[in-house]
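Here is the naming used below: chain letters follow the sequence lines, and residue numbers restart at 1 for every chain.
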2 protein chains.
Amino acid sequence: MPTPKRTTVYDVAREAGVAASTVSRAFSNPRRVNGATRRHVLEIAERLGYHPNPLATALQSGHTATVAMLVPDIANPHFFGPIRGAERRATAADITFMLGFTEESADTERDKIERLARSVDGFVLASSRMPEATTAELAREHNLVLIDRQVEGLPSVVVDNAAGSRQIVDHLASLGHRSLVYLSGPHISWLAGERWRALSAGAEERGMTATRLGPFPPQVAGGGAAADAALVSGATAVVAHNDLLAIGILRRLAERGVSVPEQISVVGYDDIFGADFCVPALTTLAGPQEESGRAAVEILLTKGSTRPSDDGPRRVVLPSHLVIRDSTGPAPE
Amino acid sequence: MPTPKRTTVYDVAREAGVAASTVSRAFSNPRRVNGATRRHVLEIAERLGYHPNPLATALQSGHTATVAMLVPDIANPHFFGPIRGAERRATAADITFMLGFTEESADTERDKIERLARSVDGFVLASSRMPEATTAELAREHNLVLIDRQVEGLPSVVVDNAAGSRQIVDHLASLGHRSLVYLSGPHISWLAGERWRALSAGAEERGMTATRLGPFPPQVAGGGAAADAALVSGATAVVAHNDLLAIGILRRLAERGVSVPEQISVVGYDDIFGADFCVPALTTLAGPQEESGRAAVEILLTKGSTRPSDDGPRRVVLPSHLVIRDSTGPAPE
DNA sequence: CAACATTTGGCAATCGCTTGCCATGCCGTC
DNA sequence: GACGGCATGGCAAGCGATTGCCAAATGTTG
């Protein structure tokens with residue numbers, strides 16, 4: 001067991017010939033101590049290899065200089081971007097970044113929040129699975145920022161699913177498709193609702209029919225059932241809840257000898273790793289993923305410093321754009 | 001700012017009519033307090049919604065009940081497995097799991113270790129990029145367990161690259177290949193060295209020639225240069241440092257009209273997400289990835305409780321197996 | 001030069017919990 | 001019936017920082 005008895009403020013104070021409080025202030029409140037004294041203290045600290053104990057600091061001050069991000073599933077490449085963006089932003093601000101997984105479960109999510117509550121200054125919740133009421137309730141006790149989810153009264157960062165879904169519809173319409181089916185993700189997923197709403201509204205506008213099927217697990221494995229359901233529906237275009245599902249669908253269709261996009265077009269959401277090299281390459285809605293993580297942490301960081309209710313919680317909506325690849329084509333006939 | 005003045009041991013103690021120490025022990029040292037008293041205390045605690053403050057606990061006891069895992073790059077799907085395995089094992093033991101990224105930099109890695117040192121009980125370092133000396137030095141002050149890396153005197157978990165690489169060689173040899181080229185990852189990567197060592201030894205045994213080219217960045221983007229280098233070398237089989245690179249190579253070869261596996265065979269390592277649906281599907285060395293993360297945390301957890309040097313640091317070697325898909329075939333001619 | 005404002009540093013309390021040590025009460029035992 | 005042993009609970013001293021308040025030193029002003 002390495003337990004090398006780290007140096008403390010007191011060690012530094014003694015060595016520098018000042019009080020512990022001065023050492024503390026030299027680090028955390030520079031303007032409160034004389035420049036010369038400060039330099040001296042810092043030099044001694046350096047020499048002794050002193051680093052403030054973050055636990056002690058946090059215990060006393062109430063600030064942990066740490067933020068946590070919770071994502072449903074580590075295995076979904078979609079979260080790469082947000083995670084990376086959040087991590088970088090936090091690190092840049094000298095804030096410790098912590099990542100946790102909720103295994104797609106609202107209970108796990110809640111548990112983790114409760115358990116980490118005292119150890120972090122705030123949470124970034126990506127694609128939170130918790131019901132609105134729970135989220136709102138937790139938000140009263142904790143600093144929360146949502147990604148890809150909106151809840152009344154809470155700050156959030158989302159990519160523009162409404163506009164993006166319209167782009168999908170327009171794309172399909174322009175290719176002559178008269179109908180589409182949305183292969184939905186979990187019904188508790190806010191995103192699934194949003195996407196469906198936008199797709200069906202867009203479809204109506206274009207005089208297309210839209211159907212929602214599902215729910216399907218938003219994973220590659222969910223693609224089998226989803227593909228079969230789509231086939232039996234007779235639609236010429238399917239929009240999958242996300243790329244994972246879309247890739248699963250492509251595989252299943254290939255297996256069944258259905259050619260994409262000749263017989264059926266497939267669209268996904270997220271533009272994940274692999275969307276460009278699956279076959280056929282996937283047409284999908286892309287967004288500034290990394291930016292969403294960055295923005296979420298940004299909000300968390302400013303939150304502490306500004307007045308709570310300057311003008312409501314911040315809601316960031318990031319632009320999205322359709323990446324057209326090979327999985328969509330003219331409607332058959 | 002949510003700052004709702006949480007309940008403390010003292011609140012519970014007062015309410016339960018016992019001393020704070022008893023409350024503390026009711027939670028952390030059950031056998032030290034009478035069963036009935038304990039139940040009573042816990043009930044009060046429950047009612048008051050009391051949760052021990054992990055910071056205070058850690059500060060006093062020196063144990064944080066937290067482990068951190070550091071990986072070079074969140075965007076490499078290879079780490080899914082280990083991360084998930086580690087997270088699950090930790091969570092199962094009621095240990096908080098923390099994930100950090102080192103951006104493929106030894107300095108960042110070291111920094112993060114130093115900065116998290118007081119906040120965690122130990123580190124799982126996946127594919128650590130630090131030089132041996134640095135690692136060994138850090139290990140004197142911190143609890144470290146390595147994944148996919150071995151350093152004298154440190155506990156580690158690796159998949160069996162030696163045996164696996166032999167499988168690759170044998171597979172290629174059986175297909176009639178007389179030469180192979182290894183498109184190497186970063187030279188500071190321990191894995192790159194191991195793999196090359198095993199490949200060249202195996203090749204020699206089978207009377208094949210082996211060449212090492214590179215280093216190439218172990219990412220899809222590195223595949224372009226790697227593929228071109230492979231082509232000019234004239235080899236009939238290429239073994240890429242990892243699947244990311246292999247996928248990049250496949251793309252480049254396709255771009256150049258080189259057919260795989262007819263003209264050249266391609267093999268990767270890791271069996272990552274996407275290896276099965278890229279085209280052609282990738283032949284690659286798979287291992288029990290999740291298990292490696294699990295095992296690493298396991299070691300970390302037992303480390304505290306057992307005597308330091310019962311019989312040297314634990315070294316776990318996990319079996320690997322070759323998954324043969326469509327990117328390898330008979331040698332041309 | 002006196003009176004007052006401003007810096008600057010120190011004292012000591014505090015954050016919430018753990019834990020070594022002691023006191024008490026109860027049991028069994030000779 | 002006296003005594004040793006064990007189970008149980010309380011006291012109080014930390015863990016390593018931060019911070020409100022005070023005092024000394026220094027600077028400013030009329």
If you only use heavy atoms from C-beta on, which nucleotide in D:dG16, C:dG10, D:dG10 is closest to the side chain of A:Gln60? D:dG16
Of the candidate nucleotides D:dG16, C:dG10, D:dT8, which contains the atom at the shortest distance from the side chain of B:Thr37? D:dT8
Start at the 5' end of DNA chain C and walk down; is the nucleotide closest to B:Arg32 or to B:Pro52 reached first? B:Pro52
Base, sugar-phosphate alone, or nothing: which one does B:Val23 contact when heavy atoms must sit under 4.0 Å apart? nothing
Ignoring hydrogens and angles, answer whether the base of C:dC17 and the side-chain atoms of B:Thr8 contain a donor-acceptor pair closer than 3.5 Å. no
Check this for me: does any side-chain nitrogen of one of B:Arg129 and B:Asp73 sit under 4.0 Å from a carboxylate oxygen of the other? no
What integer distance in Å separates B:Leu55:CG from C:dC17:C1'? 11 Å
Tell me whether the centres of the aromatic rings in A:Phe27 and A:Tyr50 are closer together than 6.0 Å. yes
Please tell me if B:Ser24 has a side-chain N or O lying less than 4.0 Å from either OP1 or OP2 of C:dT18. yes
Short side-chain N/O contact to C:dA12 OP1/OP2 from A:Ser21, under 4.0 Å: no
Closest to side chain of B:Val9, choosing from C:dT19, D:dT18, C:dC17: C:dC17
Student check: side-chain heavy atoms of B:Ser127 and B:Val71 closer than 4.5 Å: no
Please tell me which of A:Ala56 and A:Gly17 maps to the more 5' nucleotide of DNA chain C, matching each residue to the nucleotide holding its nearest heavy atom. A:Gly17
Looking at the side chain of B:Thr22, which of C:dG16, D:dG9, C:dT18 is the nearest nucleotide? D:dG9
Under 4.0 angstrom between A:Asn34 side-chain N/O and C:dT8 OP1 or OP2: yes
Below 4.0 angstrom from OP1 or OP2 of C:dC17, is there any side-chain N or O of B:Tyr50? yes
Heavy-atom distance under 4.5 Å between the side chains of A:Thr91 and B:Lys112, does that happen here? yes
Send over the distance from A:Leu59 CG to C:dT18 P, rounded to a whole Å. 12 Å
Which of D:dC21, D:dG9, D:dG16 is nearest the side chain of A:Arg25? It is D:dC21
Using a strict 4.0 Å threshold on nitrogen-to-oxygen distance, state whether B:Arg294 and B:Glu291 make a salt bridge. yes
